[in-house]
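Computed over heavy atoms, backbone and side chain alike; hydrogens, waters and symmetry mates excluded. All of these numbers come straight from a predicted model, not from anything done at the bench.
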Amino acid sequence: MKTMTDASSPRPGTSDQVLVDPGWLRAHLADPRVRVVEVDVSPAAYTDWHIDGAVLWNIYADLKDTGYRLAGTAALERLAARSGIGPDSTVVFYGYAPALGLWLMKLYGHPDVRILDCSRDTWRAAGCPWSTAASEPPAGGFWPSGGMEPGGRAGHVPSAVHQPLDGLYHEDGSFRPAAELRQVFAPAVLEGGGEVIAYCTIGGRAATAWFVLTHLIGRDRVRVYDGSWAEWGRVPDTPVEGCATHHLTNPPQT
């Protein structure tokens with residue numbers, strides 16, 4: 001397990017200071033400019049316990065509409081505001097799908113978004129502050145700048161490359177070095193300058209693939225299909241092949 005430090009520093013292979021270690025976050029929990037958000041598909045883990053002061057973003061209830069696309073701009077503005085996020089906030093995500101939160105905030109132009117570089121269990125085991133009480137931060141002022149249901153089908157998008165995401169993390173939940181992360185991805189994903197579009201079931205693992213490829217490995221032209229299979233598999237006239245899981249697609253070049 002890595003030793004916690006008092007300050008975060010860029011990891012090798014990163015283009016910006018996008019990962020923060022638990023020591024840095026622990027030292028900044030009382031900073032009103034820092035907001036911590038747990039991203040998950042249900043409130044169960046958050047209700048059991050969460051990082052002290054963190055708020056919950058429930059993917060199904062807060063980030064997606066009934067068609068599994070991103071919630072509208074107004075809804076996302078309200079979510080950020082009630083999470084205490086303002087234009088100058090440093091937002092740190094953790095939990096089941098922290099990369100989805102980071103991707104979403106970057107999509108709307110927020111300048112300072114990070115991911116906690118350890119797992120929930122590592123945070124608690126290290127004696128870092130946690131709570132069972134729901135957090136209610138002062139309202140912020142965020143601004144934007146920019147197949148399992150009836151009728152669903154199993155399968156994958158034609159031409160998609162199946163890309164498992166095993167091996168991204170150390171035992172403590174921190175990301176592995178860039179050289180090791182490159183070994184996780186298929187050559188078809190890493191090589192060439194074509195565009196890669198990541199999708200999974202609802203976008204959580206797809207956003208993780210985007211984050212690792214873009215921020216930790218430095219692969220250009222990577223995007224996330226936010227509707228993912230939850231949307232694609234429910235549209236009657238979309239082409240479907242095989243069995244669905246998390247995939248990356250290389251669109252044909254025009």
Side-chain angles (χ1 to χ4, degrees), residues 11-22 36-42 45-46 54 56-60 62-64 68-70 91-108 110 113-123 156-157 160-186 188-190 195-232 244-250:
R11 288 276 302 277
T14 61
S15 59
D16 54 16
Q17 194 170 315
V18 72
L19 296 175
V20 296
D21 61 46
V36 185
V37 179
E38 180 167 338
V39 184
D40 210 329
V41 294
S42 82
Y46 179 88
L56 172 67
W57 284 11
N58 184 325
I59 294 175
Y60 287 117
D62 297 323
L63 304 185
K64 301 284 183 172
Y68 297 103
R69 299 302 302 273
L70 285 179
V91 186
V92 181
F93 290 99
Y94 76 102
Y96 169 74
L100 183 59
L102 182 139
W103 171 77
L104 181 62
M105 292 296 287
K106 283 187 172 289
L107 183 67
Y108 280 88
H110 195 74
V113 195
R114 320 286 182 92
I115 286 179
L116 177 62
D117 197 22
C118 76
S119 67
R120 296 175 83 255
D121 291 341
T122 296
W123 174 271
H156 63 78
V157 177
V161 176
H162 173 48
Q163 175 59 69
L165 295 182
D166 301 326
L168 297 181
Y169 307 98
H170 294 287
E171 289 186 2
D172 65 356
S174 62
F175 285 98
R176 294 185 180 276
E180 295 181 20
L181 293 173
R182 289 190 182 95
Q183 302 303 312
V184 173
F185 291 90
V189 175
L190 294 178
E195 185 174 61
V196 170
I197 301 174
Y199 76 94
C200 55
T201 302
I202 59 170
R205 289 167 296 168
T208 299
W210 165 84
F211 171 74
V212 172
L213 288 167
T214 301
H215 289 279
L216 304 186
I217 294 178
R219 211 284 191 189
D220 295 327
R221 304 186 67 193
V222 183
R223 301 169 67 187
V224 174
Y225 171 27
D226 64 279
S228 276
W229 196 259
E231 178 189 52
W232 187 277
T245 180
H246 43 286
H247 289 80
L248 298 101
T249 67
N250 290 285

Look up atom [atom1] in [X] and atom [atom2] in [Y], then write down how far apart they are to the nearest 0.5 Å.
{"X": "Arg114", "Y": "Asp21", "atom1": "CZ", "atom2": "CG", "value": "11.0 Å"}
{"X": "Lys64", "Y": "Asp226", "atom1": "NZ", "atom2": "CG", "value": "5.0 Å"}
{"X": "Ile197", "Y": "Trp210", "atom1": "CD1", "atom2": "CH2", "value": "14.5 Å"}
{"X": "Asp40", "Y": "Arg120", "atom1": "CG", "atom2": "CZ", "value": "7.5 Å"}
{"X": "Phe185", "Y": "Ile217", "atom1": "CZ", "atom2": "CD1", "value": "5.0 Å"}
{"X": "Leu104", "Y": "His110", "atom1": "CG", "atom2": "NE2", "value": "11.5 Å"}

Margin query: For Trp103, give me all partners under side chain to side chain donor-acceptor pair (under 3.5 Å), at least two apart in sequence or on another chain.
Written below: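 Counting only residues at least two positions away or on another chain, Trp103 forms no side chain to side chain donor-acceptor pair (under 3.5 Å).
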Next item on the list: Mind checking ring pair (Phe, Tyr, Trp, His ring centres under 6.0 Å) for Tyr169 and listing every partner two or more places apart, or none if nothing turns up?
Entry: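 Applying ring pair (Phe, Tyr, Trp, His ring centres under 6.0 Å) to Tyr169 gives Phe175.
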Side chains of [X] and [Y] in contact at under 4.5 Å (non-hydrogen atoms):
{"X": "Arg176", "Y": "Leu216", "result": "no"}
{"X": "Leu107", "Y": "Val224", "result": "no"}
{"X": "Leu213", "Y": "Leu181", "result": "no"}
{"X": "Leu102", "Y": "His215", "result": "yes"}
{"X": "Pro177", "Y": "Arg182", "result": "no"}

Heavy-atom pair with the smallest gap, counting every atom of [X] and [Y]:
{"X": "Pro22", "Y": "Asp117", "answer": "CD-O, 4.4 Å"}
{"X": "Ala198", "Y": "Ala209", "answer": "CB-CB, 4.4 Å"}
{"X": "Glu38", "Y": "Gly95", "answer": "CG-CA, 4.2 Å"}

Next item on the list: Only counting residues at least two apart or in another chain, list the ones meeting side chain to side chain contact (heavy atoms under 4.5 Å, CB included) with Ala99.
Entry: Ile115, Ala207, Thr208, Phe211
Margin query: Please confirm whether the ring centroid of Trp57 lies under 6.0 Å from the ring centroid of Phe93.
Written below: yes
Notebook entry, point to check: Within a reach of under 6.0 Å around CZ of Arg223, are more than 12 heavy atoms found that belong to other residues, nucleotides or ligands?
Noted result: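 No.
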Margin query: Whether the side chain of Tyr46 engages the backbone of Ala54 through a donor-acceptor N/O pair (distance < 3.5 Å, no angle test) should be reported.
Written below: yes
Notebook entry, point to check: Under 3.5 Å, is there a donor-acceptor pair between the side chain of Arg219 and the main chain of Val189?
Noted result: yes
Next item on the list: Decide whether Ser174 and Asp172 meet the rule of one side-chain donor and one side-chain acceptor closer than 3.5 Å.
Entry: yes
